2 protein chains.
Amino acid sequence: MQDQVNPVVTLHVCVTCRRGDEPLEPKDGRSGFKMQLALAEAISQGQAASIDLRPAECLSGCKRGCAVALVAPGKWSYVIADLDPECHAADILTFAEQYSSHPTGVPAWSERPAIVKKSILARVPPISLPGSEEAA
Amino acid sequence: MQDQVNPVVTLHVCVTCRRGDEPLEPKDGRSGFKMQLALAEAISQGQAASIDLRPAECLSGCKRGCAVALVAPGKWSYVIADLDPECHAADILTFAEQYSSHPTGVPAWSERPAIVKKSILARVPPISLPGSEEAA
């Protein structure tokens, strides 16, 4: 059972993202598909093991693929773009761990991995559910 | 009481957004601040009256201000950018009404206002709460 600071954190990975002039087919040749594999591999080796990794079809960050989104109840959502599956899986999972540990999902700027500092595409305030406390 | 198709929909408006070379001060001269006023005025006149309008400080869409975000339990979140408070308040509220009426918050593309079609900055899958049904 997760506690209030660490509810279930989901990392959505856009598996349809392409980088540069990558072709539409084959789909498993797309950088987004490779990013999903890279993240799953790192998680299977123990990094950010509590993160719920899920494939997504389009986060509307197409001009800046690859893109991922971090979400959790009561926390801000973050969409991070301009990612390279060859370089950034570990950094994304580091940020996911920081996000998981922060009560409202806003880790200190200075502690974030460099790619996260420069590649946040958007963030969204937490949903206020009926009866829930305002998080931010 | 809202039903499942129409839970409370929140429209977050970045009041710190600036367009072009707008100065930092005064804050109420920023386009984001003006967008909040324009949306509040339209809602007070009856458009999208069920929408919960809230000011936000930074949705990380700074390079593409003004920006707003639509969120609701069980629905995709949308961040929409490149907005002009002089032109787009009514279109955003039209999209908010379409979003409110759609079970998972994904209105048909063909029916969306033109500014929404071209200005979606990012979208985020709905949070799966423990015990809730997967929405998309």
Side-chain angles (χ1 to χ4, degrees), chain A residues 1-3 7-17 52-82 104-106 109 112 116-132 134-136, chain B residues 1-3 7-17 52-82 104-106 109 112 116-132 134-136:
Chain A
M1 189 72 182
Q2 305 274 328
D3 61 26
V8 174
V9 171
T10 301
L11 177 60
H12 296 282
V13 186
C14 178
V15 295
T16 51
C17 261
D52 176 25
L53 183 69
R54 297 193 186 192
E57 300 228 343
C58 195
L59 303 174
S60 290
C62 314
K63 292 176 187 167
R64 293 181 56 184
C66 299
V68 302
L70 270 173
V71 304
K75 303 195 183 202
W76 285 72
S77 301
Y78 278 87
V79 185
I80 308 161
D82 303 323
T104 59
V106 187
W109 180 264
R112 300 178 190 181
V116 174
K117 285 182 180 171
K118 68 179 181 182
S119 297
I120 292 175
L121 182 61
R123 66 174 198 156
V124 180
I127 289 177
S128 299
L129 296 173
S132 70
E134 191 66 16
Chain B
M1 188 67 182
Q2 305 275 328
D3 62 26
V8 175
V9 171
T10 301
L11 177 59
H12 296 282
V13 186
C14 178
V15 295
T16 51
C17 260
D52 176 25
L53 182 69
R54 298 195 185 191
E57 300 227 343
C58 196
L59 303 175
S60 290
C62 315
K63 291 177 187 165
R64 294 182 55 186
C66 298
V68 303
L70 270 173
V71 304
K75 302 195 184 202
W76 285 73
S77 301
Y78 278 88
V79 185
I80 307 160
D82 302 323
T104 59
V106 186
W109 180 265
R112 300 180 189 181
V116 175
K117 286 182 180 171
K118 68 180 182 181
S119 297
I120 292 175
L121 182 61
R123 66 175 198 156
V124 180
I127 288 177
S128 299
L129 297 173
S132 71
E134 192 67 16

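Labels below follow one simple rule: chain letters A, B, ... track the order of the sequence lines, proteins then strands, and each chain is numbered from 1. Treat the numbers as computed from the prediction; the structure is a model and nothing was measured.
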**Student:** Are there more than 12 heavy atoms of other residues, nucleotides or ligands under 6.0 Å from atom NZ of Lys118(B)?
**Tutor:**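 Counting neighbours around NZ of Lys118(B), 12 or fewer heavy atoms of other residues, nucleotides or ligands fall under 6.0 Å, so no.
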
**Student:** Could you give the distance from CZ (Arg54(B)) to NE2 (His12(B)), rounded to the nearest 0.5 Å?
**Tutor:**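 Reported value, rounded in 0.5 Å steps: 6.5 Å.
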
**Student:** Working to the nearest 0.5 Å, report the span between CG of Asp82(A) and CG of Leu121(A).
**Tutor:**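 Output value for this atom pair is 8.0 Å.
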
**Student:** Could you measure the distance from the CG atom of Leu59(B) to the OG1 atom of Thr16(B)? Nearest 0.5 Å is fine.
**Tutor:**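 One finds 7.5 Å between CG of Leu59(B) and OG1 of Thr16(B).
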
**Student:** Report yes if the side chains of Tyr78(B) and Ile120(B) come closer than 4.5 Å at any heavy-atom pair, otherwise no.
**Tutor:**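 They are in side-chain contact.
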
**Student:** With a 4.5 angstrom heavy-atom cut-off, which part of Ala69(A) approaches chain B: side chain, backbone, both or neither?
**Tutor:**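 The answer is the side chain of Ala69(A).
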
**Student:** Which residues, numbered in order, of residues 60-68 of chain A come under 4.5 angstrom of chain B by heavy-atom distance?
**Tutor:**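 Only Ser60(A), Gly61(A) of residues 60-68 of chain A have a heavy atom under 4.5 Å from chain B.
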
**Student:** Looking at chain A, which one of Cys58(B), Cys14(B), Ala56(B), Ser77(B) has the largest number of heavy-atom pairs inside 4.5 Å, strictly under?
**Tutor:**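 Of the candidates given, the most pairs with chain A belong to Cys58(B).
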
**Student:** Find the distance between CG (Asp52(A)) and CG (Leu11(A)) and round it off to the nearest 0.5 Å.
**Tutor:**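 Asp52(A) CG to Leu11(A) CG: 9.0 Å, rounded to 0.5 Å.
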
**Student:** How many angstroms lie between atom CD1 of Ile80(A) and atom CG of Leu70(A), to the nearest 0.5 angstrom?
**Tutor:**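 Between atom CD1 of Ile80(A) and atom CG of Leu70(A) there are 5.5 Å.
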
